[in-house]
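A short write-up of the structure that comes next.
Just so we're clear, the structure is a prediction, and the values are computed from it rather than from any experiment. Scope of the values below: all heavy atoms of this structure, side chains included, with no hydrogens, waters or symmetry mates.
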Amino acid sequence: MTWLPSQYRGTVISQSPKNVAISTITPNSEYWGAFVPQGNAGLPVPTERSALALTAVYACVNLISGAIMSVPLECYRREPDGDLIKLEDDPLWWVLNEAFSARWAASAAWDYATKSLLLQGDAFIEIKRDPLGQVRALVPLHPSRVFPVATPDGERLVYAIYPEDTPSIAGRQDYRVLDQDDVLHVPGFGFDGTRGLSVLRHALRNAGGLGAAMQDYAGRFFANGARPDYTINSEKALSPDRIDELYSKLESYQGFDKAHRPMVLTGGLKVTPIAMPLAEMQLLESRKFQIEEICRIYGVPPFMVGHTEKTTSWGSGVESMGIGFVRYTLRPTLTRFETELNRKLFRQGRKCIRFDTADLERADIKTMMEAIRVGLGRAGERPIITQNEGRRMMRLADMPGGDTLEPTPAANPQPSPGA
């Protein structure tokens, strides 16, 4: 991208990726990985597709994005005293919860945006407005198609948006330029004013590459019949032609469907197996460690992705696990989305958007009933919620007269026999 939109026409953007000097691309620099995609161990840096081929990465991303996708967004009006009043008929609710646009269902769009954030380090969503400036649609954008650039004064960002059918942006000039007011830009950890850190090129650089290599090794190991290696001994020297013939014959015994086929050797050849059981190779143990390593990157407890070897310290109840997951894993990501939505969709602080995580933190029915009973006031205690508020927690319809704060009357004691 070389030029800014009309209001900045004629100003060269020196921060453009096309203008990066080759001399600045040095080992361990930000752009080194783009040209030399290898981790410290010499393994390829995972791409988006290869990373999702790892079951641990797929499970973590799917768990977090699925949870965010299922959380409703509520629109509120902020009163002068700070109270938030839910807006039941705000047109923005439909866009955020049901349909981003004609092409994008809201659930699929949130899933896509969250996946982009968790893998690429940034989520981009274009804001479509009507002639009055009101939001009419939202369109998710893949991070590889978007290039944010700071204006010359460094105060704002503008975005070059390349078409969807762009296999490579090299030499392409058919991009659109959008001002930051028309793009929801949700950066992840390490935001430097332009972009967040790519999880693929940083946190998963070695862990993901090693996990992919181990997964590939395990697949090839079992594809070969899961047999231990062996040596073939001969008391006399073999000619090169005889060795090649022997190799060809041995290949006919390889493969999972031929694992128990008896091997026939002639000419005094003997097979000596090399005992290398899985326990000694530590293949399974190493793969378990990689699962924990990837879970640590995403802040997901391993038991939540099916790794149940170790117990959790969050408690044994569903409520404790749900609260811990929302508090320590989801809340930072939800806050990033909320902050960007509020500052781009509203021009003043009288309205705001909040994710409602009540369903994820919902307790079991017994605990919930006890909590509602306490809130309504037990045995004449002063209540803190109304009956209708308690019914809404249980997804029940309101009842007439249930919006007043009245203490629950104490049960009349029954007279004892003979009194």
Kindly say whether [Y] contributes a backbone atom to a donor-acceptor pair with the side chain of [X] at under 3.5 angstrom?
X    : Y    : result
W110 : L96  : yes
T194 : P148 : no
T329 : V326 : no

Is the closest basic N to carboxylate O distance between [X] and [Y] below 4.0 Å?
X    : Y    : answer
R391 : D403 : no
K115 : E48  : yes
E338 : R331 : yes
D90  : R77  : no

*Which pair of non-hydrogen atoms, one from Q180 and one from L157, has the smallest distance, and what is that distance?*
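What the structure gives for the nearest pair is OE1-N, 3.0 Å.
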
Suppose we screen for salt bridge (Lys or Arg N to Asp or Glu O under 4.0 Å). Which residues come up paired with [X], at least two apart in sequence or across chains?
X    : value
E340 : R343, K344
E98  : none
R195 : D122

Which value, rounded to the nearest 0.5 Å, describes the distance between [X] atom [atom1] and [Y] atom [atom2]?
X    : Y    : atom1 : atom2 : value
W94  : D89  : CH2   : CG    : 14.5 Å
Y159 : F147 : OH    : CZ    : 13.5 Å
I161 : R145 : CD1   : CZ    : 7.0 Å
W93  : E88  : CH2   : CD    : 9.5 Å
T114 : F337 : OG1   : CZ    : 4.0 Å
I68  : S107 : CD1   : OG    : 13.5 Å

Margin query: Name the residue from V57, L118, L119, I297 that meets the side-chain contact (heavy atoms from CB on, under 4.5 Å) definition with V199.
Written below: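 Between V199 and the candidates, side-chain contact (heavy atoms from CB on, under 4.5 Å) is satisfied uniquely by I297.
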
*asked:* Test ring-ring contact (aromatic ring centres under 6.0 Å, His included) on F191 and H185; report intermediate values, then the result.
replied: CA-CA 11 Å; F191 180 62; H185 179 188; 5.8 Å; yes

message: Looking at R350, I want to see if its CZ is surrounded by more than 12 non-hydrogen atoms of other residues, nucleotides or ligands under 6.0 Å.
response: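 No.
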
task: Give a yes or no on whether R103 atom CZ has more than 12 heavy-atom contacts from other residues, nucleotides or ligands under 6.0 Å away.
output: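 Not more than 12 within 6.0 Å, no.
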
| message | Quick one, R78 with Y76, criterion side-chain contact (heavy atoms from CB on, under 4.5 Å). Give me CA distance, side-chain angles, the key distance, then yes/no. | response | CA-CA 6 Å; R78 183 178 284 110; Y76 296 92; over 6 Å; no

Query raised in the report: Is the closest side-chain donor-acceptor distance between T386 and N388 under 3.5 Å?
Result: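 Per modelled atom types, T386 and N388 side chains form no pair under 3.5 Å.
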
